[in-house]
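A short write-up of the structure that comes next.
Here the structure is a predicted model, which is why all the values come from computation and not from measurement.
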Amino acid sequence: MTAPSKTYDVLVVGGGINGTGIARDAAGRGLSVVLCEQDDLAAHTSSASTKLIHGGLRYLEGFHFALVRKALQEREVLLASAPHIMWPLRFVMPHDAHLRPLWMIRAGLFLYDNLARRRRLAGSASLDLRRHPAGTPLQPQFTRGFIYSDGWTDDARLVVLNALDATDRGATVLTRTRCRKIEVREGMWHAELAASSGQERTLHIAARAVVNATGPWVSRFLNEVASARSERSVRLVKGSHIVVPKLFAHRFAYIFQNIDRRIVFAIPYEEDFTLIGTTDVDHHGDPRDVRIDDAEVRYLCDTVNRYFSRQVQPPDVVWSYSGVRPLLDDKAGDPSSVTRDYKLEMEREDAPLLSVFGGKITTYRRLAETAVDQIMRALGHRSRAWTRDAVLPGGDLPARSLARFLRSVERRYPWLPASLRTRYSRSYGTRIDRVIGDARSLRDLGEEVLPQLYAREIDYLCREEWAQTAQDILWRRSKLGVHLPPDATAQLDRWLEHRIPVRTTADKG
(Lines give C-alpha, C1' and ligand atoms only; values in the text may rest on other atoms or scores of the structure.)
Protein backbone atom coordinates (compact mmCIF):
# COMPACT_ATOMS: atom_id res chain seq x y z
CA MET A 1 0.00 0.00 0.00
CA THR A 2 1.29 3.48 -0.90
CA ALA A 3 2.67 5.74 1.81
CA PRO A 4 -0.07 7.84 3.48
CA SER A 5 -0.53 11.47 2.56
CA LYS A 6 -1.85 12.36 6.02
CA THR A 7 -2.17 10.79 9.46
CA TYR A 8 -5.20 11.07 11.74
CA ASP A 9 -6.12 9.86 15.19
CA VAL A 10 -9.36 8.29 13.97
CA LEU A 11 -10.79 7.12 10.65
CA VAL A 12 -14.57 6.75 10.79
CA VAL A 13 -16.06 4.67 7.98
CA GLY A 14 -19.77 5.33 7.45
CA GLY A 15 -21.72 8.56 7.07
CA GLY A 16 -24.97 7.59 8.75
CA ILE A 17 -26.17 8.79 12.13
CA ASN A 18 -23.74 6.67 14.15
CA GLY A 19 -20.69 7.52 12.05
CA THR A 20 -21.32 11.27 11.99
CA GLY A 21 -22.20 11.23 15.70
CA ILE A 22 -18.91 9.52 16.54
CA ALA A 23 -16.92 11.86 14.29
CA ARG A 24 -18.53 14.88 15.95
CA ASP A 25 -17.88 13.64 19.48
CA ALA A 26 -14.26 12.65 18.73
CA ALA A 27 -13.45 15.95 17.02
CA GLY A 28 -14.93 17.84 19.94
CA ARG A 29 -12.55 16.02 22.28
CA GLY A 30 -9.51 17.16 20.33
CA LEU A 31 -8.86 14.09 18.18
CA SER A 32 -7.98 14.52 14.51
CA VAL A 33 -10.75 12.82 12.59
CA VAL A 34 -11.51 11.87 9.00
CA LEU A 35 -14.86 10.35 8.01
CA CYS A 36 -15.51 8.67 4.68
CA GLU A 37 -18.88 7.65 3.26
CA GLN A 38 -19.26 5.66 0.05
CA ASP A 39 -22.41 7.56 -1.00
CA ASP A 40 -24.14 10.68 0.30
CA LEU A 41 -24.59 11.35 4.00
CA ALA A 42 -27.65 9.48 5.30
CA ALA A 43 -28.09 7.90 1.88
CA HIS A 44 -29.38 4.61 3.27
CA THR A 45 -30.72 3.53 6.68
CA SER A 46 -30.45 6.90 8.41
CA SER A 47 -32.83 8.67 6.03
CA ALA A 48 -35.33 5.79 5.91
CA SER A 49 -36.60 5.80 9.49
CA THR A 50 -40.07 6.63 10.82
CA LYS A 51 -38.42 9.90 11.89
CA LEU A 52 -39.24 9.51 15.56
CA ILE A 53 -37.27 10.31 18.68
CA HIS A 54 -38.90 7.77 20.96
CA GLY A 55 -38.35 5.28 23.72
CA GLY A 56 -40.10 2.45 21.91
CA LEU A 57 -43.36 1.88 23.73
CA ARG A 58 -43.86 -1.54 22.17
CA TYR A 59 -40.49 -2.79 23.46
CA LEU A 60 -41.91 -2.80 27.00
CA GLU A 61 -44.04 -5.77 26.02
CA GLY A 62 -40.83 -7.73 25.46
CA PHE A 63 -39.47 -6.57 28.86
CA HIS A 64 -36.68 -4.48 27.25
CA PHE A 65 -36.84 -2.01 30.13
CA ALA A 66 -33.16 -0.99 30.05
CA LEU A 67 -33.32 -0.18 26.32
CA VAL A 68 -36.51 1.84 26.72
CA ARG A 69 -35.15 3.75 29.70
CA LYS A 70 -31.93 4.59 27.84
CA ALA A 71 -33.92 5.81 24.83
CA LEU A 72 -36.30 7.85 26.97
CA GLN A 73 -33.36 9.57 28.67
CA GLU A 74 -31.86 10.41 25.28
CA ARG A 75 -35.20 11.64 23.95
CA GLU A 76 -35.03 14.64 26.29
CA VAL A 77 -31.39 15.34 25.43
CA LEU A 78 -31.97 15.29 21.68
CA LEU A 79 -35.07 17.46 21.74
CA ALA A 80 -33.00 20.17 23.45
CA SER A 81 -30.10 19.90 21.00
CA ALA A 82 -31.83 20.89 17.76
CA PRO A 83 -35.30 22.35 18.35
CA HIS A 84 -35.54 23.50 14.73
CA ILE A 85 -35.53 19.92 13.36
CA MET A 86 -36.94 18.10 16.42
CA TRP A 87 -40.07 18.76 18.39
CA PRO A 88 -42.55 17.01 20.69
CA LEU A 89 -45.40 15.06 19.15
CA ARG A 90 -48.51 13.65 20.84
CA PHE A 91 -49.56 10.13 19.84
CA VAL A 92 -53.11 8.79 20.04
CA MET A 93 -53.67 5.05 20.48
CA PRO A 94 -57.28 3.96 19.82
CA HIS A 95 -58.13 0.99 21.98
CA ASP A 96 -59.00 -2.25 20.25
CA ALA A 97 -60.19 -4.67 22.94
CA HIS A 98 -59.48 -7.67 20.71
CA LEU A 99 -55.72 -7.04 20.82
CA ARG A 100 -54.54 -5.79 24.21
CA PRO A 101 -56.57 -5.26 27.40
CA LEU A 102 -56.93 -1.79 28.90
CA TRP A 103 -54.94 -2.69 32.01
CA MET A 104 -51.94 -3.74 29.92
CA ILE A 105 -51.90 -0.48 27.98
CA ARG A 106 -52.33 1.61 31.13
CA ALA A 107 -49.46 -0.25 32.81
CA GLY A 108 -47.24 0.20 29.77
CA LEU A 109 -47.94 3.92 29.57
CA PHE A 110 -47.34 4.33 33.31
CA LEU A 111 -43.89 2.77 32.86
CA TYR A 112 -43.26 4.86 29.75
CA ASP A 113 -44.03 8.02 31.70
CA ASN A 114 -41.84 7.10 34.66
CA LEU A 115 -38.82 5.11 33.46
CA ALA A 116 -36.98 8.38 32.85
CA ARG A 117 -37.40 11.95 33.98
CA ARG A 118 -39.54 14.17 31.73
CA ARG A 119 -38.97 17.91 31.50
CA ARG A 120 -40.41 18.82 28.11
CA LEU A 121 -43.05 16.23 27.38
CA ALA A 122 -46.55 15.83 28.75
CA GLY A 123 -47.55 12.53 30.34
CA SER A 124 -50.07 10.01 29.09
CA ALA A 125 -53.83 10.13 29.61
CA SER A 126 -57.02 8.32 28.69
CA LEU A 127 -59.18 9.75 25.91
CA ASP A 128 -62.83 9.81 25.01
CA LEU A 129 -62.48 9.65 21.25
CA ARG A 130 -66.11 10.70 20.80
CA ARG A 131 -65.11 14.15 22.04
CA HIS A 132 -61.41 14.49 21.17
CA PRO A 133 -60.40 15.91 17.75
CA ALA A 134 -58.31 12.79 17.10
CA GLY A 135 -61.48 10.70 17.16
CA THR A 136 -63.07 12.46 14.17
CA PRO A 137 -61.19 10.57 11.38
CA LEU A 138 -61.65 7.20 13.09
CA GLN A 139 -64.34 4.61 12.59
CA PRO A 140 -67.19 5.02 15.12
CA GLN A 141 -66.48 1.81 17.05
CA PHE A 142 -63.28 3.33 18.44
CA THR A 143 -64.61 5.33 21.35
CA ARG A 144 -61.79 4.98 23.88
CA GLY A 145 -58.08 5.52 23.58
CA PHE A 146 -54.90 6.88 25.10
CA ILE A 147 -52.52 9.72 24.40
CA TYR A 148 -48.81 9.98 25.17
CA SER A 149 -45.72 11.95 24.10
CA ASP A 150 -42.66 11.27 21.98
CA GLY A 151 -40.65 13.33 19.51
CA TRP A 152 -40.27 13.90 15.79
CA THR A 153 -37.09 14.62 13.82
CA ASP A 154 -35.90 15.19 10.28
CA ASP A 155 -33.59 12.17 10.28
CA ALA A 156 -31.44 13.04 7.25
CA ARG A 157 -30.88 16.60 8.44
CA LEU A 158 -29.90 15.28 11.87
CA VAL A 159 -27.08 13.36 10.18
CA VAL A 160 -25.97 16.44 8.24
CA LEU A 161 -25.95 18.59 11.39
CA ASN A 162 -23.67 16.11 13.12
CA ALA A 163 -21.33 16.17 10.12
CA LEU A 164 -21.37 19.99 10.10
CA ASP A 165 -20.52 20.13 13.79
CA ALA A 166 -17.72 17.61 13.24
CA THR A 167 -16.16 19.79 10.50
CA ASP A 168 -16.62 22.93 12.59
CA ARG A 169 -14.51 21.17 15.23
CA GLY A 170 -11.78 20.21 12.78
CA ALA A 171 -12.88 16.91 11.26
CA THR A 172 -12.58 16.12 7.56
CA VAL A 173 -15.71 14.64 5.96
CA LEU A 174 -15.34 12.88 2.60
CA THR A 175 -18.55 11.83 0.86
CA ARG A 176 -18.68 9.59 -2.21
CA THR A 177 -15.47 8.06 -0.90
CA ARG A 178 -15.27 4.31 -0.31
CA CYS A 179 -12.83 2.65 2.05
CA ARG A 180 -11.42 -0.15 -0.10
CA LYS A 181 -8.79 -1.60 2.22
CA ILE A 182 -7.31 -1.14 5.68
CA GLU A 183 -4.31 -2.92 7.12
CA VAL A 184 -2.03 -2.53 10.13
CA ARG A 185 1.61 -1.59 9.66
CA GLU A 186 3.86 -0.63 12.57
CA GLY A 187 0.93 -0.07 14.93
CA MET A 188 -1.02 2.18 12.54
CA TRP A 189 -3.95 1.56 10.26
CA HIS A 190 -3.18 2.32 6.64
CA ALA A 191 -6.29 2.94 4.54
CA GLU A 192 -6.94 3.13 0.82
CA LEU A 193 -9.88 5.41 0.02
CA ALA A 194 -11.46 5.63 -3.43
CA ALA A 195 -13.14 8.97 -4.12
CA SER A 196 -15.73 9.01 -6.90
CA SER A 197 -16.75 12.67 -6.83
CA GLY A 198 -15.96 14.00 -10.28
CA GLN A 199 -13.04 11.91 -11.48
CA GLU A 200 -11.92 8.74 -9.72
CA ARG A 201 -8.95 9.21 -7.41
CA THR A 202 -7.31 7.16 -4.67
CA LEU A 203 -6.32 8.56 -1.29
CA HIS A 204 -3.93 6.90 1.14
CA ILE A 205 -4.14 7.89 4.78
CA ALA A 206 -3.03 6.51 8.15
CA ALA A 207 -4.99 6.45 11.38
CA ARG A 208 -4.28 5.33 14.93
CA ALA A 209 -7.81 3.91 15.24
CA VAL A 210 -10.62 2.93 12.89
CA VAL A 211 -14.37 2.99 13.57
CA ASN A 212 -16.53 0.66 11.50
CA ALA A 213 -19.90 2.44 11.49
CA THR A 214 -21.03 1.04 8.17
CA GLY A 215 -24.46 -0.09 9.37
CA PRO A 216 -25.77 -2.88 7.11
CA TRP A 217 -22.24 -3.42 5.80
CA VAL A 218 -20.61 -3.83 9.24
CA SER A 219 -19.82 -7.55 8.84
CA ARG A 220 -18.83 -7.20 5.20
CA PHE A 221 -16.43 -4.40 6.11
CA LEU A 222 -14.78 -6.58 8.74
CA ASN A 223 -14.46 -9.55 6.40
CA GLU A 224 -13.59 -7.92 3.09
CA VAL A 225 -11.92 -4.61 3.99
CA ALA A 226 -10.30 -5.24 7.36
CA SER A 227 -9.64 -8.99 6.92
CA ALA A 228 -11.07 -9.52 10.43
CA ARG A 229 -13.74 -11.69 11.97
CA SER A 230 -16.40 -11.11 14.60
CA GLU A 231 -18.62 -13.39 16.63
CA ARG A 232 -21.39 -10.83 16.39
CA SER A 233 -23.55 -10.23 13.34
CA VAL A 234 -26.43 -8.03 12.27
CA ARG A 235 -29.80 -9.12 11.00
CA LEU A 236 -30.89 -7.05 8.02
CA VAL A 237 -34.54 -6.07 8.35
CA LYS A 238 -36.30 -3.98 5.74
CA GLY A 239 -38.62 -1.26 6.97
CA SER A 240 -40.90 0.45 4.43
CA HIS A 241 -43.13 3.50 4.63
CA ILE A 242 -45.78 5.04 2.41
CA VAL A 243 -46.87 8.67 2.09
CA VAL A 244 -50.47 9.52 1.12
CA PRO A 245 -52.49 12.75 0.91
CA LYS A 246 -53.29 13.80 4.47
CA LEU A 247 -55.96 11.77 6.21
CA PHE A 248 -56.60 14.19 9.07
CA ALA A 249 -56.21 17.91 9.71
CA HIS A 250 -55.22 18.00 13.39
CA ARG A 251 -51.68 17.98 14.86
CA PHE A 252 -51.79 14.56 16.56
CA ALA A 253 -50.18 11.33 15.32
CA TYR A 254 -51.58 7.82 15.67
CA ILE A 255 -50.16 4.52 16.81
CA PHE A 256 -52.29 1.62 15.61
CA GLN A 257 -52.21 -1.96 16.87
CA ASN A 258 -52.45 -4.57 14.15
CA ILE A 259 -53.90 -8.07 14.44
CA ASP A 260 -50.34 -9.51 14.15
CA ARG A 261 -49.55 -7.51 17.34
CA ARG A 262 -47.20 -5.20 15.46
CA ILE A 263 -47.82 -1.46 15.49
CA VAL A 264 -48.05 1.02 12.63
CA PHE A 265 -47.76 4.82 12.89
CA ALA A 266 -49.77 7.42 10.97
CA ILE A 267 -48.03 10.77 11.29
CA PRO A 268 -48.68 14.30 9.95
CA TYR A 269 -46.06 14.84 7.24
CA GLU A 270 -44.95 17.91 5.29
CA GLU A 271 -48.23 19.76 5.94
CA ASP A 272 -50.12 18.07 3.09
CA PHE A 273 -49.50 14.37 3.71
CA THR A 274 -49.69 11.46 6.14
CA LEU A 275 -46.70 9.18 6.67
CA ILE A 276 -47.58 5.53 7.39
CA GLY A 277 -45.12 2.90 8.56
CA THR A 278 -43.35 0.69 9.16
CA THR A 279 -42.97 -2.90 8.08
CA ASP A 280 -40.47 -5.48 9.34
CA VAL A 281 -39.28 -7.89 6.64
CA ASP A 282 -36.03 -9.86 6.57
CA HIS A 283 -33.73 -8.63 3.79
CA HIS A 284 -31.18 -10.96 2.21
CA GLY A 285 -29.83 -8.93 -0.71
CA ASP A 286 -27.59 -5.90 -1.16
CA PRO A 287 -28.59 -3.16 1.33
CA ARG A 288 -28.49 -0.67 -1.54
CA ASP A 289 -31.06 -2.68 -3.49
CA VAL A 290 -34.08 -2.16 -1.28
CA ARG A 291 -37.56 -1.02 -2.19
CA ILE A 292 -41.10 -1.51 -1.00
CA ASP A 293 -43.06 -4.40 -2.48
CA ASP A 294 -46.77 -4.73 -3.19
CA ALA A 295 -47.38 -6.89 -0.11
CA GLU A 296 -45.93 -4.19 2.17
CA VAL A 297 -48.03 -1.47 0.57
CA ARG A 298 -51.15 -3.57 1.06
CA TYR A 299 -50.17 -4.41 4.65
CA LEU A 300 -49.82 -0.72 5.58
CA CYS A 301 -53.05 0.22 3.81
CA ASP A 302 -54.98 -2.62 5.46
CA THR A 303 -53.65 -1.68 8.91
CA VAL A 304 -54.76 1.94 8.80
CA ASN A 305 -58.01 1.00 7.08
CA ARG A 306 -58.99 -0.94 10.22
CA TYR A 307 -59.08 2.41 12.03
CA PHE A 308 -59.73 5.30 9.64
CA SER A 309 -63.14 5.98 8.12
CA ARG A 310 -61.48 7.20 4.94
CA GLN A 311 -59.97 4.16 3.28
CA VAL A 312 -56.49 4.16 1.74
CA GLN A 313 -55.69 2.19 -1.40
CA PRO A 314 -52.31 1.50 -3.09
CA PRO A 315 -53.02 4.01 -5.91
CA ASP A 316 -53.26 6.75 -3.23
CA VAL A 317 -49.55 6.39 -2.40
CA VAL A 318 -47.66 9.46 -3.62
CA TRP A 319 -44.25 8.34 -2.36
CA SER A 320 -42.70 5.39 -0.58
CA TYR A 321 -39.28 4.66 0.84
CA SER A 322 -37.50 1.67 2.32
CA GLY A 323 -34.37 1.15 4.37
CA VAL A 324 -32.43 -1.78 5.75
CA ARG A 325 -32.04 -1.70 9.52
CA PRO A 326 -28.88 -3.48 10.73
CA LEU A 327 -30.31 -4.97 13.93
CA LEU A 328 -28.12 -6.75 16.43
CA ASP A 329 -28.85 -10.41 15.73
CA ASP A 330 -30.30 -11.95 18.90
CA LYS A 331 -31.72 -15.00 17.07
CA ALA A 332 -35.31 -13.83 17.53
CA GLY A 333 -37.74 -15.57 15.21
CA ASP A 334 -39.91 -12.58 14.31
CA PRO A 335 -38.08 -9.59 12.73
CA SER A 336 -40.21 -7.18 14.79
CA SER A 337 -38.96 -8.88 17.97
CA VAL A 338 -35.25 -8.36 17.24
CA THR A 339 -33.63 -6.04 19.78
CA ARG A 340 -33.09 -2.38 18.83
CA ASP A 341 -30.15 -2.12 21.25
CA TYR A 342 -26.53 -1.88 20.14
CA LYS A 343 -23.16 -3.41 20.92
CA LEU A 344 -19.68 -1.98 20.40
CA GLU A 345 -16.89 -4.42 19.70
CA MET A 346 -13.22 -3.40 20.01
CA GLU A 347 -10.52 -5.47 18.33
CA ARG A 348 -6.73 -5.25 18.47
CA GLU A 349 -4.70 -3.52 21.16
CA ASP A 350 -1.92 -2.16 18.95
CA ALA A 351 -4.32 -0.47 16.52
CA PRO A 352 -7.91 -0.23 17.76
CA LEU A 353 -10.75 -1.23 15.42
CA LEU A 354 -14.19 -0.45 16.86
CA SER A 355 -17.28 -1.89 15.15
CA VAL A 356 -20.85 -0.75 15.77
CA PHE A 357 -23.55 -3.42 15.71
CA GLY A 358 -27.20 -2.31 15.78
CA GLY A 359 -28.57 0.88 17.28
CA LYS A 360 -31.36 3.38 16.58
CA ILE A 361 -31.53 7.10 15.92
CA THR A 362 -32.77 7.96 19.41
CA THR A 363 -29.70 6.50 21.11
CA TYR A 364 -27.09 7.62 18.57
CA ARG A 365 -25.57 10.34 20.77
CA ARG A 366 -25.11 7.99 23.71
CA LEU A 367 -23.69 5.32 21.42
CA ALA A 368 -21.21 7.85 20.04
CA GLU A 369 -20.21 8.99 23.51
CA THR A 370 -19.56 5.40 24.63
CA ALA A 371 -17.62 4.65 21.43
CA VAL A 372 -15.38 7.69 21.81
CA ASP A 373 -14.81 6.88 25.50
CA GLN A 374 -13.43 3.52 24.40
CA ILE A 375 -11.30 5.04 21.66
CA MET A 376 -9.86 7.65 24.02
CA ARG A 377 -8.84 4.97 26.49
CA ALA A 378 -7.31 2.83 23.76
CA LEU A 379 -5.27 5.77 22.46
CA GLY A 380 -4.20 6.88 25.91
CA HIS A 381 -6.10 10.18 25.85
CA ARG A 382 -8.22 11.78 28.54
CA SER A 383 -11.08 14.12 27.83
CA ARG A 384 -14.55 14.66 29.22
CA ALA A 385 -17.67 13.80 27.28
CA TRP A 386 -19.31 17.01 26.08
CA THR A 387 -22.25 16.40 23.72
CA ARG A 388 -24.99 15.92 26.32
CA ASP A 389 -25.53 19.64 26.83
CA ALA A 390 -24.35 20.86 23.42
CA VAL A 391 -26.60 22.13 20.65
CA LEU A 392 -26.24 21.11 17.04
CA PRO A 393 -25.57 23.70 14.31
CA GLY A 394 -28.56 25.99 13.92
CA GLY A 395 -30.12 24.76 17.16
CA ASP A 396 -29.22 27.74 19.36
CA LEU A 397 -32.69 29.26 19.07
CA PRO A 398 -33.72 32.00 21.51
CA ALA A 399 -35.07 30.28 24.62
CA ARG A 400 -34.98 27.03 22.56
CA SER A 401 -38.30 28.22 21.08
CA LEU A 402 -39.02 27.68 17.40
CA ALA A 403 -42.09 29.92 17.61
CA ARG A 404 -40.02 32.83 18.93
CA PHE A 405 -37.37 32.21 16.30
CA LEU A 406 -39.99 32.21 13.52
CA ARG A 407 -41.18 35.63 14.69
CA SER A 408 -37.64 37.00 14.59
CA VAL A 409 -37.10 35.64 11.08
CA GLU A 410 -40.32 37.31 9.94
CA ARG A 411 -39.07 40.65 11.27
CA ARG A 412 -35.65 40.29 9.61
CA TYR A 413 -36.87 38.94 6.27
CA PRO A 414 -40.40 40.31 5.74
CA TRP A 415 -39.99 39.83 1.98
CA LEU A 416 -39.70 36.05 2.29
CA PRO A 417 -43.00 34.24 1.54
CA ALA A 418 -44.40 32.64 4.71
CA SER A 419 -44.00 29.08 3.45
CA LEU A 420 -40.38 29.64 2.46
CA ARG A 421 -39.63 31.45 5.72
CA THR A 422 -41.02 28.53 7.72
CA ARG A 423 -39.14 25.91 5.71
CA TYR A 424 -35.82 27.77 5.97
CA SER A 425 -36.29 28.24 9.71
CA ARG A 426 -37.14 24.59 10.32
CA SER A 427 -34.35 23.31 8.10
CA TYR A 428 -31.48 25.64 8.98
CA GLY A 429 -32.35 27.28 12.29
CA THR A 430 -29.92 30.06 13.14
CA ARG A 431 -27.82 29.11 10.11
CA ILE A 432 -30.51 30.72 7.96
CA ASP A 433 -28.17 33.68 7.39
CA ARG A 434 -25.74 31.36 5.59
CA VAL A 435 -28.49 30.43 3.15
CA ILE A 436 -29.91 33.90 2.55
CA GLY A 437 -26.60 35.78 2.72
CA ASP A 438 -26.92 39.43 1.73
CA ALA A 439 -30.21 38.96 -0.15
CA ARG A 440 -32.71 41.79 0.38
CA SER A 441 -35.47 40.54 -1.90
CA LEU A 442 -36.77 37.37 -3.45
CA ARG A 443 -35.01 38.31 -6.67
CA ASP A 444 -31.67 38.29 -4.84
CA LEU A 445 -32.10 34.56 -4.12
CA GLY A 446 -31.43 33.93 -7.80
CA GLU A 447 -33.26 31.70 -10.23
CA GLU A 448 -36.26 29.75 -8.98
CA VAL A 449 -35.03 26.46 -10.37
CA LEU A 450 -38.07 24.56 -9.07
CA PRO A 451 -41.06 25.87 -7.09
CA GLN A 452 -39.75 27.12 -3.71
CA LEU A 453 -36.16 26.15 -4.58
CA TYR A 454 -33.88 29.07 -5.44
CA ALA A 455 -30.33 29.05 -6.76
CA ARG A 456 -28.91 30.56 -3.58
CA GLU A 457 -30.18 27.69 -1.43
CA ILE A 458 -28.81 25.15 -3.91
CA ASP A 459 -25.42 26.85 -3.82
CA TYR A 460 -25.45 26.76 -0.02
CA LEU A 461 -26.32 23.05 0.06
CA CYS A 462 -23.55 22.21 -2.41
CA ARG A 463 -21.00 24.49 -0.76
CA GLU A 464 -21.61 23.66 2.90
CA GLU A 465 -23.74 20.51 3.17
CA TRP A 466 -22.08 18.09 0.73
CA ALA A 467 -25.04 18.01 -1.69
CA GLN A 468 -24.14 17.06 -5.25
CA THR A 469 -27.27 15.67 -6.89
CA ALA A 470 -30.97 16.39 -7.12
CA GLN A 471 -31.63 13.33 -4.95
CA ASP A 472 -29.43 14.82 -2.22
CA ILE A 473 -31.26 18.14 -2.36
CA LEU A 474 -34.88 17.13 -2.90
CA TRP A 475 -35.09 14.02 -0.70
CA ARG A 476 -32.41 14.29 2.02
CA ARG A 477 -31.43 17.94 2.61
CA SER A 478 -35.11 18.75 2.16
CA LYS A 479 -38.32 16.89 1.40
CA LEU A 480 -39.28 19.18 -1.45
CA GLY A 481 -39.47 16.18 -3.74
CA VAL A 482 -42.78 15.05 -2.29
CA HIS A 483 -44.34 18.41 -3.26
CA LEU A 484 -43.00 18.49 -6.82
CA PRO A 485 -43.95 16.74 -10.08
CA PRO A 486 -42.26 13.43 -10.96
CA ASP A 487 -39.81 15.00 -13.40
CA ALA A 488 -38.44 17.49 -10.83
CA THR A 489 -35.42 15.31 -9.93
CA ALA A 490 -34.33 14.98 -13.56
CA GLN A 491 -34.93 18.70 -14.14
CA LEU A 492 -32.74 19.69 -11.20
CA ASP A 493 -30.00 17.23 -12.20
CA ARG A 494 -29.88 18.87 -15.65
CA TRP A 495 -29.59 22.28 -14.02
CA LEU A 496 -26.79 21.10 -11.74
CA GLU A 497 -24.82 19.68 -14.69
CA HIS A 498 -24.53 23.15 -16.21
CA ARG A 499 -23.81 24.92 -12.94
CA ILE A 500 -20.25 26.04 -12.19
CA PRO A 501 -18.99 23.58 -9.54
CA VAL A 502 -18.85 25.08 -6.07
CA ARG A 503 -16.39 24.12 -3.37
CA THR A 504 -17.98 21.88 -0.76
CA THR A 505 -17.17 21.15 2.85
CA ALA A 506 -15.95 17.76 1.67
CA ASP A 507 -12.81 19.62 0.61
CA LYS A 508 -12.06 20.87 4.12
CA GLY A 509 -9.05 19.42 5.86
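- Shown here are the side chain to side chain donor-acceptor pair (under 3.5 Å) partners of R494, two or more places apart in sequence or in another chain: there are none.
- The side chain to side chain donor-acceptor pair (under 3.5 Å) analysis of residues 100-113, with sequence neighbours excluded, yields the pairs E61-R100, R100-Q257, Y112-D150, D113-S124.
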Using a 3.5 Å cut-off and no angle test, enumerate the donor-acceptor pairs between side-chain atoms of residues 410-422 and protein atoms at least two apart in sequence or in another chain.
| unit_1 | atom_1 | unit_2 | atom_2 | d |
| --- | --- | --- | --- | --- |
| R412 | NH2 | D433 | OD1 | 2.3 |
| R412 | NH2 | D433 | OD2 | 2.9 |
| Y413 | OH | D433 | OD1 | 2.6 |
| W415 | NE1 | R440 | O | 3.4 |
| S419 | OG | Q452 | OE1 | 3.2 |
| R421 | NH1 | L416 | O | 2.8 |
| T422 | OG1 | A418 | O | 3.0 |

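- With sequence neighbours excluded, the residues satisfying side chain to side chain contact (heavy atoms under 4.5 Å, CB included) with N114 are F110.
- Applying the side chain to side chain contact (heavy atoms under 4.5 Å, CB included) criterion to S320, with sequence neighbours excluded, gives I242, I292, V317.
- Among residues two or more places apart in sequence or in another chain, the side chain to side chain contact (heavy atoms under 4.5 Å, CB included) test is passed with R117 by R119.
- Residues meeting the salt bridge (charged side-chain N to carboxylate O under 4.0 Å, His left out) test with K360, sequence neighbours left out: none.
- Under the side chain to side chain donor-acceptor pair (under 3.5 Å) criterion, D396 pairs with T430, not counting sequence neighbours.
- Sequence neighbours left out, the pairs with a member in residues 444-457 that pass salt bridge (charged side-chain N to carboxylate O under 4.0 Å, His left out) are R423-E457, D438-R456.
- Applying the side chain to side chain donor-acceptor pair (under 3.5 Å) test to Q471 and every residue at least two apart in sequence or in another chain returns nothing.
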Please set out all donor-acceptor pairs under 3.5 angstrom arising from side-chain atoms of residues 132-141, sequence neighbours excluded.
| unit_1 | atom_1 | unit_2 | atom_2 | d |
| --- | --- | --- | --- | --- |
| H132 | ND1 | A134 | N | 3.0 |
| T136 | OG1 | P133 | O | 3.3 |
| Q139 | OE1 | Q141 | NE2 | 2.9 |
| Q139 | NE2 | N305 | O | 2.7 |
| Q139 | NE2 | F308 | O | 3.1 |

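- Applying the side chain to side chain donor-acceptor pair (under 3.5 Å) rule to S49 yields the partners D155; only residues at least two apart in sequence or on another chain are considered.
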